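The structure appears below as structure tokens.
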Amino acid sequence: MAAVHQLVLHPFISQSLKVGSTTVGRDKLYRTIQYTARFLAWYCLRKGYTTETVARLSALKSTLGLSRKLMRIGKPLEHGQAAIKALDVSDPVLKFTALGRQLGYAGYLYHDMLAWAHTAKVYPFAPETIKKINDRAAKLWLTGILFSIVSSIYKLLGLRKKEALARRVGPSEKETDRKASLKAIRVQQGAVRYQLVQDLLDSLLPSGSLGYHHLDEGVLGIAGTITSIMGLRTQIDKVLNK
């Protein structure tokens with residue numbers, strides 16, 4: 001019993017439950033499994049595994065995708081609020097990109113709700129209508145990602161200028177202050193680069209749905225898995241470092 005007690009109360013279990021208790025934490029975990037299943041379904045099909053195995057992985061991918069759509073109902077309002085708050089940003093470029101990003105995601109998630117209603121048979125749409133809804137959702141998702149990419153590039157350029165300025169030691173500036181400033185800038189640069197890589201990989205998903213490229217399911221599955229793990233890591237840091 002002592003071993004079971006220690007296992008159940010292990011810090012890793014407690015931390016996992018804490019992250020899993022958040023909607024974003026569960027969504028990122030489900031997304032990781034969803035895109036891993038997408039990759040494995042492609043891999044098993046290529047390697048000649050049984051039709052039953054491929055069908056199970058495809059069903060897992062589809063079921064998790066539908067569950068995530070349900071979990072995101074109401075999210076458009078959240079992004080709508082973020083878009084209104086973006087109007088208070090003083091930098092015009094960051095204001096424009098933040099507004100475009102939030103509106104793009106709000107529109108994407110609104111159409112995603114419609115797609116859920118269709119797939120769950122709550123309100124089935126005609127085939128041509130649901131195709132338009134899915135295409136519009138992908139375009140809006142891609143739009144939000146592109147605005148985020150532009151924002152990250154702009155931030156990196158600004159941080160590069162700050163770094164160059166911080167490296168110039170003034171006559172009255174302390175070395176310790178300069179090092180602290182450079183360290184803070186590098187932390188910011190790392191966070192922005194992390195987001196930029198995540199956005200670049202994520203952009204492959206909606207652009208693939210729209211036919212802008214012809215990467216196979218394996219590549220898209222790996223890209224989605226990587227960005228899901230990156231997003232999960234961000235949420236873990238956010239929850240556990242409060």
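Keep in mind the model is a prediction, meaning the values are calculated, not measured. By convention here, the first residue in the shown sequence is residue 1.
The nearest pair of heavy atoms linking Thr22 to Gly25 is OG1-N, 3.0 Å. The two residues Ala166 and Ser181 come nearest to each other via the heavy atoms CB-OG, 4.0 Å. Residues Leu201 and Ala223 share a closest heavy-atom pair of O-CB, 4.1 Å. Across all their heavy atoms, Val219 and Leu215 have their closest contact at CG1-CD1, 4.0 Å. Contact between Leu94 and Asp91 at its shortest, heavy atoms only, is N-OD1, 3.2 Å. Taking every heavy atom of both residues into account, Pro206 and Ile145 meet most closely at CG-CD1, 4.1 Å.
Follow the hydrophobic side-chain contacts under 4.5 Å out from Leu159 and you reach Ile153 in the same cluster. Note on Met71: it does not cluster hydrophobically with Trp141, by side-chain heavy-atom contacts below 4.5 Å among ILVMFWY residues. Ile130 is connected to Met113 through a chain of hydrophobic side-chain contacts under 4.5 Å among Ile, Leu, Val, Met, Phe, Trp and Tyr, so both are in one cluster. With hydrophobic clusters built from ILVMFWY side chains whose heavy atoms lie under 4.5 angstrom apart, Tyr105 does not share a cluster with Val89. Note on Val150: it does not cluster hydrophobically with Leu157, by side-chain heavy-atom contacts below 4.5 Å among ILVMFWY residues.
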Can you give me every donor-acceptor pair (side chain of residues 59-70, partner residue at least two apart or in another chain, under 3.5 Å) with its distance?
| from | atom 1 | to | atom 2 | distance (Å) |
| --- | --- | --- | --- | --- |
| Ser62 | OG | Ser58 | O | 3.0 |
| Thr63 | OG1 | Ala59 | O | 2.8 |
| Ser67 | OG | Thr63 | O | 2.9 |
| Arg68 | NE | Asp27 | OD1 | 2.8 |
| Arg68 | NH1 | Gln34 | OE1 | 3.0 |
| Lys69 | NZ | Asp112 | OD1 | 2.6 |

Side-chain donor-acceptor contacts of residues 185-194 below 3.5 Å, not counting sequence neighbours, with atom names and distances?
| from | atom 1 | to | atom 2 | distance (Å) |
| --- | --- | --- | --- | --- |
| Gln189 | NE2 | Glu163 | OE1 | 3.2 |
| Tyr194 | OH | Met230 | O | 3.0 |

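In this structure Arg136 satisfies the salt bridge (charged side-chain N to carboxylate O under 4.0 Å, His left out) test with no other residue, sequence neighbours excluded. Listed by chain and residue number, Lys131 satisfy the salt bridge (charged side-chain N to carboxylate O under 4.0 Å, His left out) test with Asp135 (two or more places apart in sequence, or in another chain). Take Phe39 and apply the ring pair (Phe, Tyr, Trp, His ring centres under 6.0 Å) test, not counting sequence neighbours, and it matches Trp42.
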Derivation and outcome, side chain to side chain contact (heavy atoms under 4.5 Å, CB included), residues Ser152 and Gln195: CA-CA 7 Å; Ser152 294; Gln195 184 62 52; 4.2 Å; yes

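Applying the 6.0 Å contact sphere to NZ of Lys95 captures more than 12 heavy atoms from other residues, nucleotides or ligands. Counting heavy-atom neighbours within 6.0 Å of Phe96 CZ, excluding the residue itself, gives a total of 12 or less.
Remark: Gln102 CD to Leu87 CG distance equals 11.0 Å, nearest 0.5 Å. The CH2 atom of Trp116 sits 9.5 Å away from the OG1 atom of Thr119 when rounded to the nearest 0.5 Å. Rounding to the nearest 0.5 Å gives a distance of 11.0 Å between CG of Leu142 and CZ of Phe147. If you take NZ on Lys132 and NE2 on His111, they are separated by 11.5 Å, rounding to the nearest 0.5 Å. Here NZ of Lys75 is found 8.5 Å from OG1 of Thr23. Values are rounded to the nearest 0.5 Å. The NZ atom of Lys18 sits 6.0 Å away from atom CG of Leu240, with the distance rounded to the nearest 0.5 Å.
Under 3.5 Å, the side chains of Ser151 and Ser148 contain no donor-acceptor pair of N or O atoms.
The pair Arg56-Glu52 meets the salt-bridge criterion, with a side-chain N (NZ, NE, NH1 or NH2) lying under 4.0 Å from an Asp/Glu carboxylate O.
A heavy-atom distance below 4.5 Å is not found between the side chains of Ile133 and His118. In this structure the side chain of Ile222 reaches within 4.5 angstrom of the side chain of Ile226, judged on heavy atoms. Counting only heavy atoms from C-beta outward, the side chains of Thr53 and Thr50 approach each other to under 4.5 Å.
Listed by first and then second residue, the side chain to side chain donor-acceptor pair (under 3.5 Å) pairs involving residues 202-212 are Arg31-Asp202, Asp202-Thr227, Ser207-His213 (not counting sequence neighbours).
Here Tyr108 and Tyr110 keep their ring centres 6.0 angstrom or further from each other.
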